[in-house]
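Here is how names work: the chains are called A, B, and so on, in the same order as the sequence lines, proteins then strands, and each is numbered from 1.
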Amino acid sequence: MFIAPRHTAEQGITAATFRRRTWLGLLLGSVCLAGPAATVRAESEFAVKAAYLYNFAGLIKWPSSAFDSADSPFVIGIVGHDPFGGLDNVLRGRKVGSRPVQVRQVYPGDAPALRACNILFVSGPAGASDVMSAVRGLPVLVVGEAEDFARRGGTVGFVLKNQKVKLEINRDAARRAQLSIPSDLLAISQVVESR
Amino acid sequence: VAAVQVFAASMLAGADPGLPPSLLKLSVKELSEVKVDTVFAASKYDQKVTDAPSSVTIVTRDEIRLFGHRTLAEVIKGVRGFDVTNDRSYSYTGVRGFNSLDDYGSRVLLLVDGHRMADPIFDTSAVGTEGFLDVDLIERVEFVRGPGSAIYGSNAFFGVINVVTRRGADLNGAEASVTGGSFNAYSARLSYGKKIPDGPEVFLSVSTFATDGQKNLFFREFNRPETNHGIASATDGDRFWSTLAKVSLGDFTLEGGFVSRVKDIPTASYGTVFNAPHPQLDSRGYAELRYDHAVPGVSSINARAYFDAYDYYADSYVRSATAARKVFNHDMAEARWLGAELSLSRTLWDSLHVTAGAEVRKGTDLAMRNYNLHPFQEALSTHSDQVVVGTYADARWEMSQSLSLSSGVRWDHYDSFGSTVNPRAALVWKPLEDTSLKLLYGEAFRAPNIYQLYYNVLGYTANPGLRPETIRTYEVAAEHYFSHHWRSAVSLFRNEIKDLIQARGENGQTMFCNSGNAVVNGAEAEIEGKWGSGLLLRASYTYQEAEDTKTGWLVNSPRNIVKANIGVPLFREKLMAGLELQCVSERLTLRHDRTPRAVLLNFTLLSKEILPGVDISASIYNVLGQHYAIPGGPEHAQDQIAQDGRTFQVKLTYRF
């Protein structure tokens with residue numbers, strides 16, 4: 001199983017014989033197939049989540065009833081602590097279609113403010129239930145990061161898996177909110193059901 | 001410091017104020033592949049670094065390449081609070097002011113993909129060329145400071161280092177790498193990885209390395225005509241080959257690895273003949289089957305079963321007591337062990353995350369032998385076995401949005417000394433999402449190993465009555481993120497160690513005893529900045545006072561350590577410069593001398609995709625050519641062992 005060296009000190013394994021043996025091993029082990037290899041630097045978890053939110057705004061289709069007029073802004077609300085440290089700075093001047101993006105801090109008890117948002121991001125370990133009851137039936141995408149957020153009624157949950165931010169999507173919740181989730185977003189997500 | 005500040009300010013002038021805007025250009029598919037900072041090893045499940053019940057550092061593959069690290073030892077050296085010394089036999093890992101000279105880095109637990117690397121005979125955490133992995137195969141390394149016995153059992157005394165290897169899907173093809181460097185050092189690696197859609201994921205890699213080492217080494221302790229005036233010629237060679245293979249299908253992973261290294265020992269350790277051949281072989285291998293399953297609602301089930309092997313053979317000449325002539329001696333150890341672990345992790349009532357597990361390890365054949373040839377004379381032949389059983393539970397309770405309490409306890413039973421129970425607790429307060437304050441308490445143990453219990457040759461006496469040594473630690477750790485670029489961390493710690501297992505010499509006989517207590521008080525501060533352009537700035541300072549309660553300042557424990565790392569994109573990310581600085585103050589030696597303070601500067605230029613699929617890097621280590629030394633252990637006649645001066649390495653990697 002393991003090679004017991006049967007050499008004496010005078011004949012100690014020399015670098016040369018060692019190299020010869022290992023080169024042979026390398027040759028035997030060589031298998032080749034084409035394919036690009038990409039490397040990605042480790043980013044802040046919240047930078048990735050912020051970029052997701054911006055992507056959702058462009059990918060997901062909101063019904064026209066979600067907006068007062070053709071030029072009213074696209075509103076992203078942050079419920080709880082703001083973990084992004086300047087999401088409004090980064091998204092300032094950005095547009096979703098023709099709508100300027102607006103970032104607001106909203107409080108979980110402030111139902112009118114919650115209803116005025118198109119995306120709500122619930123930060124920290126808070127669940128979806130409080131926010132969901134305020135916006136039930138309205139076209140608001142509720143995104144969170146608590147464990148099983150989408151299973152517990154939220155629309156999209158961020159999940160940390162293998163050092164990556166993955167998505168869980170509750171399609172029933174999306175349907176109730178009249179939001180249509182495109183297939184390329186579903187393809188990279190895990191579809192979950194309410195518990 | 002002022003220069004760094006000015007430099008930083010100039011680099012920051014054009015930087016964006018908030019998130020890296022480049023991320024906004026990515027599609028959701030690309031975003032789902034971006035790596036973020038999480039840690040597994042702190043609690044045996046993936047959690048945010050700021051939530052972990054310990055002070056945690058993550059080193060990524062990109063950083064390892066940027067700073068030109070050749071071994072895991074060099075990666076560890078760059079991390080705040082960690083220290084690695086090399087006596088030209090092995091590399092030894094110390095943590096927070098404690099790096100004993102009579103063990104093999106056994107007070108830190110090394111894991112590869114969660115697999116315990118310490119062997120039952122010597123408890124080696126092999127991080128140098130004897131180490132298990134080619135650094136090119138590392139995806140990231142998690143450093144968890146503080147005791148981890150509450151979930152890992154023995155050896156997780158001062159900390160846990162978990163090496164996560166690359167995945168087949170990340171490689172997605174083949175990769176070849178060759179290096180050349182000082183002292184005729186050459187290495188080569190060939191790797192292949194692939195994930196077949198809806199099928200298995202495979203990873204296979206083979207590496208080899210060989211160096212002549214320093215041609216002539218001068219040791220003044222041997223400066224006599226009969227010992228070649230202290231010059232050891234061509235006795236510093238080093239060569240290894242190693243392999244790592246992984247196959248995953250669904251929730252199952254089969255992983256296996258093997259390394260075989262031969263090092264020529266130039267120091268004439270253990271009273272062997274000076275300037276004579278003294279090759280020492282270490283082979284380490286394992287095969288492990290893992291099952292990782294996440295059930296909706298029930299967070300996860302992890303199970304592993306493994307078989308491990310470790311062999312050590314040393315050939316040398318010794319002077320026989322009766323005759324003046326030299327006699328050929330063979331010292332060896334062989335260990336085979338197997339084990340299994342099951343751990344369950346579940347969220348209860350939304351705010352309570354519970355992990356529980358059990359583990360069993362059985363050393364089936366743990367053998368040590370020592371004999372002379374011509375004439376044959378056996379000095380030692382022991383065979384033993386060992387059974388270790390452990391079970392643990394760990395819980396994290398989210399008391400409120402900003403406050404969480406983690407606590408855990410583990411019970412271990414050894415057939416040699418009996419049972420031990422080790423708890424830990426952590427209160428994590430996050431007044432803001434980007435600020436965390438951790439109050440940490442922990443207890444841990446290090447079980448006596450087979451070598452310490454039963455080795456009785458070459459002036460050593462066995463001591464089967466050894467008890468485990470224990471530690472209690474107290475730590476306050478604060479972490480704060482400024483905007484999205486700067487992170488700062490401060491730690492104050494106190495470690496109280498009891499019943500240290502140390503080699504004690506009397507009348508020419510050495511025996512391992514539970515002798516001595518030690519206290520380490522220290523403080524660490526670190527600041528780190530990272531930008532989307534690839535710019536990286538990091539600096540840390542550690543002050544540590546490690547005292548034996550009777551004899552005072554511990555040997556091999558520098559009081560002040562400054563570390564700094566700067567990564568600069570010279571031409572976008574195509575050409576990067578990596579500068580690494582390590583300043584280590586004096587260390588006390590066994591003979592009450594002091595090693596000189598060392599200022600080490602390493603410089604690497606890394607060019608990525610200079611041609612399609614081709615990366616090239618060139619590194620100079622110890623640029624300043626500092627003459628520095630580390631204290632020699634009791635097995636060496638040398639009180640100080642000189643380290644290498646300026647060396648270089650070039651590396652070429654090709655993906656196809």
Side-chain angles (χ1 to χ4, degrees), chain A residues 1-5 8-10 12-13 15 18-19 22-23 25-26 29-37 39-45 47-48 50-52 54-55 59 80-86 89-90 123-127 147-148 151 160-161 163-167 184-185 188 192 195, chain B residues 17-21 23-24 26-29 31-38 46 48 60-62 171-175 188 190 192 194 204 206 208 210 212 237 239 241 260 262 277 279 281 283 285 296 309 311 313 315-317 328 347 350-351 398 401 432-434 481 483-484 534 655-656:
Chain A
M1 192 180 327
F2 293 93
I3 320 144
T8 64
E10 289 95 326
I13 303 177
F18 195 91
R19 274 184 207 143
T22 49
W23 278 115
L26 268 181
S30 62
V31 194
C32 331
L33 262 175
T39 56
V40 194
R41 191 178 45 257
E43 294 286 355
S44 149
E45 170 194 342
V48 174
Y52 265 125
Y54 179 64
N55 259 287
L59 283 172
H81 289 293
D82 174 7
F84 300 107
N89 279 333
V90 175
S123 75
E147 189 140 339
D148 285 340
R151 283 195 184 84
L160 288 179
K161 211 172 180 181
Q163 300 104 52
K164 292 164 187 169
V165 180
K166 300 286 186 181
L167 304 176
D184 47 347
L185 185 51
I188 59 134
V192 299
R195 276 216 302 258
Chain B
L19 309 169
L23 278 177
L24 292 176
L26 298 184
S27 70
V28 282
K29 189 171 191 321
L31 281 172
S32 71
E33 294 304 324
V34 172
K35 298 273 166 68
V36 299
D37 285 346
T38 63
D46 273 330
K48 290 183 207 168
T60 61
R61 178 173 131 70
D62 283 350
L171 210 65
N172 193 24
E175 194 176 279
L190 192 62
Y192 172 75
K194 194 96 187 162
L204 177 69
V206 187
T208 180
D212 294 342
R239 51 259 175 218
W241 77 270
S260 184
V262 179
L281 179 141
S283 297
D311 286 0
Y313 303 93
D315 292 338
S316 61
Y317 285 98
F328 182 66
T347 303
D350 296 350
S351 59
E398 304 255 7
Q401 181 127 354
L432 300 165
E433 188 60 43
D434 42 16
Y481 288 79
S483 78
H484 270 270
R655 288 178 292 276
F656 52 101

Sequence-distant partners of A:Tyr52, ring pair (Phe, Tyr, Trp, His ring centres under 6.0 Å), two or more places apart:
A:Phe56, A:Phe158
Would you say that B:Leu31 contacts A:Val165 through its side chain, given a criterion of any heavy-atom pair below 4.5 Å between the two side chains?
no
Less than 4.5 Å to any heavy atom of chain B: does that hold for the side chain of A:Leu167, its backbone, both, or neither?
neither
Could you tell me which residues satisfy side chain to side chain donor-acceptor pair (under 3.5 Å) with B:Lys29, sequence neighbours excluded, listed by chain and number?
none
Nearest non-hydrogen partners of B:Val28 and A:Ile188, listed with the distance
O-CD1, 3.5 Å
